[in-house]
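For reference, the structure is listed below as structure tokens.
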Protein chains: 2
Amino acid sequence: MSYTYQYPRGALTVDCVVFGFDGGGLKVLLIKRGIAPFKGEWALPGGFVKVEESLDEAARRELQEETGLERVFLEQLYTFGEPGRDPRERVVSVAYFALVRPEVYQMRAATDADDAQWFDLDELPRLAFDHPEIVEMAHQRLRGKLRYEPIGFELLAEKFSLSQLQYLYEAVLGVPLDKRNFRKKVQSYDLLIPLEEKHRDGPHRPAQLFKFDPDKYQELKGKGFLFEI
Amino acid sequence: MSYTYQYPRGALTVDCVVFGFDGGGLKVLLIKRGIAPFKGEWALPGGFVKVEESLDEAARRELQEETGLERVFLEQLYTFGEPGRDPRERVVSVAYFALVRPEVYQMRAATDADDAQWFDLDELPRLAFDHPEIVEMAHQRLRGKLRYEPIGFELLAEKFSLSQLQYLYEAVLGVPLDKRNFRKKVQSYDLLIPLEEKHRDGPHRPAQLFKFDPDKYQELKGKGFLFEI
DNA sequence: TTGGCTTTGTGTGAAATTTACACTTTAGTT
DNA sequence: AACTAAAGTGTAAATTTCACACAAAGCCAA
């Protein structure tokens, strides 16, 4: 018996919503399309999946090829497959969301390649395809996850101050948080390792730096611990 | 310029993890494969996506064709795309999870078609492909969602007693819950409409029946309300 | 060196929520 | 009429959340 399938095939792509944080608001990385359709318009980085690679690999490869980004936090988001979402033919896209640290963010912002640029999440330009919908879902997911999983650290430098962490939470969740209560809570889990170093910046009191302890988190998680801000 | 893509294409399928609840434990609906590969083994209901249909439509169609189920709660779960997950060639599968009410569950359990059967979630037979992994993820997702979204009602009859609701939560979450505290909490949201009718069953005190008010939930959700058990 | 600026860092009491816990009511069966 | 089994109900203690204000540190400029 033959293994040939009787169904016609569409194409399969991956698209990545890459978030960055610069201390102010959330940013999203977009690329300017060099080819039709939507040539010259902004779009999410992404592209076709090769037959011999996994979806995650495809997402990482496209991110690397189109934006130069490597070793970022990457997680599958949702698969978009409405017929007609690509004007050419049936294209199903597995969307990912990615979080990058400020070092990376600043690096990419510096190289003024005008075909890859950071935009404020709430001031995005017109986007190709159904990419606005994808970005919207990624934003919702990020907001939802931040409350229950310690992924915010992926948007900060390895060493960060509690104020920086708080600014991040305020930016993503869109609400102001009480400084004392916030610090009490995040420190209560014992997942932040206080470092010797201090962060100095401007003519102010320098801030204690911390780093997140992912191993300890994994260990606690195994015992049913639930991170929650 | 031509719109022909330079990448070879794999096939695209949908697979559904269908959960049912009979007052005892969680059940999963499986079908016996009639064709190779894995002919004669149990597998998740699912099949190939047609070019002109959306992914959701494909999932509903396959469910209908293979199990007769219609009008079920259906939500996209995750997309599985490891090369090699299908021994024939590259097949990417968009997995869904579905929740069915006991009426439906009992109906399907009655028709003793031996090519579609309910199994206890914790006593599943050997499964084809990477379906064990898919079931595992669906179970996790169900557990996670149940705490924060009122989807448990999709596994109960339209009219249900508070005890039935509690048994469901206990079965899915795997922990015993305090009767009084549970009732206090679920009723505090004012999302359950008490009905005139009573449920009688056995030589016991009959139970007050309720139904869930989805409209009110949608309204509250719009105002930032968070359901939580 | 002094005063001013700006950010870090810290504690407490009131209010709200969560938790633990046991007995009465109801209907059916014998 | 007595027995059985599940439904239904309240309170007090413990814990968590929330609101809130001022001293300490370092830099800069006069």
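The figures here come from the full heavy-atom set of this structure, side chains too, leaving out hydrogens, waters and symmetry mates. Convention: sequence-line order gives letters A, B, ...; per-chain numbering from 1.
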Legend entry - Shortest non-hydrogen contact between B/Phe227 and B/Glu149, atoms and distance: CD2-C, 3.6 Å

Inset, instruction - Could you check A/Ser161 against B/Pro206 and say which one's nearest nucleotide on DNA chain C is further toward the 5' end? - result: A/Ser161

Inset, instruction - Step through the shown structure and confirm whether more than 12 heavy atoms of other residues, nucleotides or ligands are within 6.0 Å of CD on B/Glu170. - result: yes

Inset, instruction - Encode nucleotides 9-18 of chain D as B, S and - characters from 5' to 3', where the letter depends on protein heavy atoms closer than 4.0 Å: B to the base, S only to sugar-phosphate, - to neither. - result: BBB-----SB

Inset, instruction - Find the distance A/His199:NE2 to D/dG26:C1' and express it as a whole number of Å. - result: 13 Å

Legend entry - Donor-acceptor pair present, A/Arg205 side chain and C/dT7 base, under 3.5 Å: no

Legend entry - OP1 or OP2 of C/dT7 under 4.0 Å from side-chain N/O of A/Ser163: no

Inset, instruction - Write down the distance between OH (B/Tyr189) and P (C/dT17), rounded to a whole number of angstrom. - result: 10 Å

Legend entry - Electrostatic pair B/Glu65:B/Arg61 at N-O distance under 4.0 angstrom: yes

Legend entry - Distance, rounded to the nearest Å, where B/Leu162 contributes CG and D/dG8 contributes P: 6 Å

Legend entry - Protein-nucleotide distance (A/Tyr167, atom OH; C/dT6, atom P), rounded to Å: 13 Å

Inset, instruction - Find the distance A/His204:NE2 to D/dA23:C1' and express it as a whole number of Å. - result: 18 Å

Legend entry - Separation of atom CG in B/Leu209 from atom C1' in D/dA7, rounded to whole Å: 12 Å

Inset, instruction - May I ask you to check whether over 12 heavy atoms, not counting those of A/Arg143, lie within 6.0 Å of atom CZ? - result: yes

Legend entry - Residues, nucleotides or ligands: over 12 heavy atoms within 6.0 Å of A/Glu158 CD: no

Inset, instruction - Identify the two heavy atoms, one from A/Leu195 and one from A/Gln208, that lie closest to each other, and give their separation to 0.1 Å. - result: O-OE1, 2.5 Å

Inset, instruction - Let me know, please, whether A/Gly202 or B/Asp201 comes out on the 5' side of the other along DNA chain D by nearest nucleotide. - result: B/Asp201

Inset, instruction - Calculate the interatomic distance between B/Phe182 atom CZ and C/dT18 atom P; express it in whole Å. - result: 14 Å

Legend entry - Salt bridge flag under 4.0 Å for residues B/Lys32 and B/Asp115: no

Inset, instruction - Specify the separation, in whole Å, of atom CG of A/Leu177 and atom P of D/dC20. - result: 15 Å

